[in-house]
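Single-structure report; data block below.
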2 protein chains.
Amino acid sequence: MSTLADLIERYIKQQIRHSEDQTVALSRAQLAELFSCVPSQINYVLTTRFTLERGYLIESRRGGGGYIRIAQISKAERDRLAEELFMEIGAEISEREAEQFLASFHDLDVITGKQVKLIRAILQRETAMTAQNRDALRASLLRGIIIMIMYK
Amino acid sequence: MSTLADLIERYIKQQIRHSEDQTVALSRAQLAELFSCVPSQINYVLTTRFTLERGYLIESRRGGGGYIRIAQISKAERDRLAEELFMEIGAEISEREAEQFLASFHDLDVITGKQVKLIRAILQRETAMTAQNRDALRASLLRGIIIMIMYK
DNA sequence: CCTTCTTTGACCATGTCTGACCTTTATTTA
DNA sequence: TAAATAAAGGTCAGACATGGTCAAAGAAGG
């Protein structure tokens with residue numbers, strides 16, 4: 001049985017399919033009106049079904065002329081973004097930055113959740129072994145591992 | 001879906017692009033007339049979209065023959081401003097501040113429109129995951145991402 | 001039952017636009 | 001040329017128009 005959230009999700013995805021550029025702009029209030037529900041229900045659907053992990057970008061604006069725009073990131077686009085992200089790995093990165101990269105690569109479906117854990121463990125283990133230049137080592141490792149996965 | 005302010009902003013930016021020296025001089029009253037709105041609407045657009053942080057200089061004069069001149073600053077100047085802007089990212093920033101920073105970096109050509117969207121999504125996603133210290137996390141993420149882009 | 005997902009509503013934050021009133025500068029007039 | 005007047009532009013508060021958040025109640029599934 002479909003829930004309201006499912007219906008709204010389906011509706012939005014249909015709109016995206018029918019669009020030219022895999023993007024829809026909608027009014028939260030109007031959508032809520034269309035489905036006879038409270039506006040915040042729309043937020044619920046967005047936060048549970050149109051996340052970055054699932055390949056969607058959401059942007060919105062309040063006030064007069066406000067809107068919610070949902071864009072589906074295409075496979076090619078994701079690859080491009082992943083490529084860009086990869087280029088952004090500097091010569092040296094902190095543990096925290098490495099963590100951010102891992103999360104982003106995961107979001108872009110470059111690596112799985114298990115791979116994230118494995119890579120994290122590898123980074124920790126390897127950097128613990130050397131006394132200097134851990135950040136550089138971490139960057140090299142991350143780069144090496146990611147490129148292996150990307151071009152497998 | 002565009003608001004009046006958006007239309008006026010677009011119009012002015014177009015004028016600047018079509019100019020020789022990245023500068024336009026306009027009459028507040030005439031512009032207001034052109035867009036059928038009150039003159040103060042022009043001020044609204046100027047103060048929200050053509051700020052120094054975003055790379056524009058405004059000068060004006062009242063009285064007979066008065067004018068408003070908008071100038072887009074040079075590339076070198078923009079780089080300097082971007083540097084300054086970066087330094088202004090505090091230890092903790094709100095979502096709204098992050099949004100302003102993104103708009104500013106975008107106007108200063110540090111990041112592309114697509115990068116803005118991606119970064120916004122990443123910030124939202126990451127901050128949604130942790131319950132505390134969101135502002136601090138947001139600041140770190142923004143700093144990290146921007147600096148990687150700036151010095152890539 | 002217990003947990004997780006869904007739905008709602010009260011309250012919040014932010015963006016836009018207008019109009020009344022103010023200030024500055026140029027031009028005209030006495 | 002000082003005063004008056006006209007011709008710009010500036011400020012600000014308030015009305016509106018949206019979207020966002022969060023906690024709690026309700027529903028569905030194990």
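By convention in this document, chain letters (A, B, ...) are assigned in the order of the sequence lines, proteins followed by strands, and residues within each chain are numbered from 1. Side-chain atoms are counted along with the backbone in the values below, which use heavy atoms only and exclude waters and symmetry mates.
Side-chain nitrogen and oxygen atoms of B:Arg96 include none within less than 4.0 Å of the OP1 or OP2 phosphate oxygen of D:dG19. Residue A:Arg69 has no polar side-chain atom (N or O) positioned under 4.0 Å from OP1 or OP2 of D:dG19.
Geometrically, B:Lys13 does not engage B:Tyr56 in a cation-pi contact defined by less than 6.0 Å to the ring centre and at most 45° from the axis.
In terms of heavy-atom proximity, B:Ile8 sits nearest to B:Leu31 at CG2-CD1, 4.3 Å.
Annotation for A:Glu33: atom CD does not count as buried by contact number, only 12 or fewer foreign heavy atoms lying within 6.0 Å.
Distances were taken from every side-chain heavy atom of A:Ser60 (C-beta onward) to each of D:dG20, C:dC17, D:dA8; the shortest belongs to D:dG20. Counting only heavy atoms from C-beta on, A:Gln41 has its side chain closest to C:dT7 among C:dT7, C:dC17, C:dG19. Side chain of A:Arg61, nearest nucleotide from D:dG19, C:dT16, C:dT23: C:dT16. Side-chain proximity of A:Ala29 to D:dG19, C:dT18, C:dT24: nearest is D:dG19. Listed nucleotides D:dA8, D:dG20, C:dT16 differ in distance to B:Arg49; the shortest reach to its side chain belongs to C:dT16.
The interatomic distance linking A:Leu46 (CG) with C:dC5 (C1') rounds to 16 Å, in whole Å. B:Tyr44 places its OH atom 16 Å from the P atom of D:dT11, with the value rounded to the nearest Å. The interatomic distance linking B:Asn43 (CG) with D:dA8 (C1') rounds to 12 Å, in whole Å. Residue A:Phe35 contributes atom CZ, which lies 15 Å from atom C1' of C:dT6 at whole-angstrom precision. Computed from coordinates, the A:Leu7 CG to C:dT7 C1' distance equals 13 Å when rounded to whole Å. D:dA8 atom C1' lies 14 Å from atom CG of B:Leu31, rounded to whole Å. What separates CG of B:Asp6 from C1' of C:dC17 is a distance of 13 Å, to the nearest Å. Spacing between atom CD of A:Glu9 and atom P of C:dT7 amounts to 12 Å, rounded to whole angstrom units.
Nucleic acid contact class of B:Gly66 (heavy atoms, under 4.0 Å, all strands): sugar-phosphate only. Among the protein residues, B:Ser27 comes within range of the sugar-phosphate backbone only, with heavy atoms under 4.0 Å from sugar or phosphate atoms but none that close to a base. At a threshold of 4.0 angstrom between heavy atoms, the contacts of B:Ile42 with the nucleic acid are absent.
Place B:Glu95 and B:Gly64 on DNA chain D by their nearest nucleotides, and B:Gly64 ends up nearer the 5' end. Both B:Ser94 and B:Val45 sit near DNA chain C, but only B:Ser94 has its closest nucleotide nearer the 5' end.
One can find a donor-acceptor pair under 3.5 Å joining the base of C:dG9 and the side-chain atoms of A:Ser40. For B:Arg28 and D:dA8, a side-chain-to-base donor-acceptor distance below 3.5 Å is absent, hydrogens and geometry of angles not being considered.
The pair B:Asp107-B:Arg49 does not meet the salt-bridge criterion, since no charged nitrogen lies less than 4.0 angstrom from a carboxylate oxygen.
Remark: A:Glu9 CD to A:Thr3 OG1 distance equals 8.5 Å, nearest 0.5 Å.
A donor-acceptor contact closer than 3.5 angstrom is absent between the side chains of A:Arg28 and A:Ser40.
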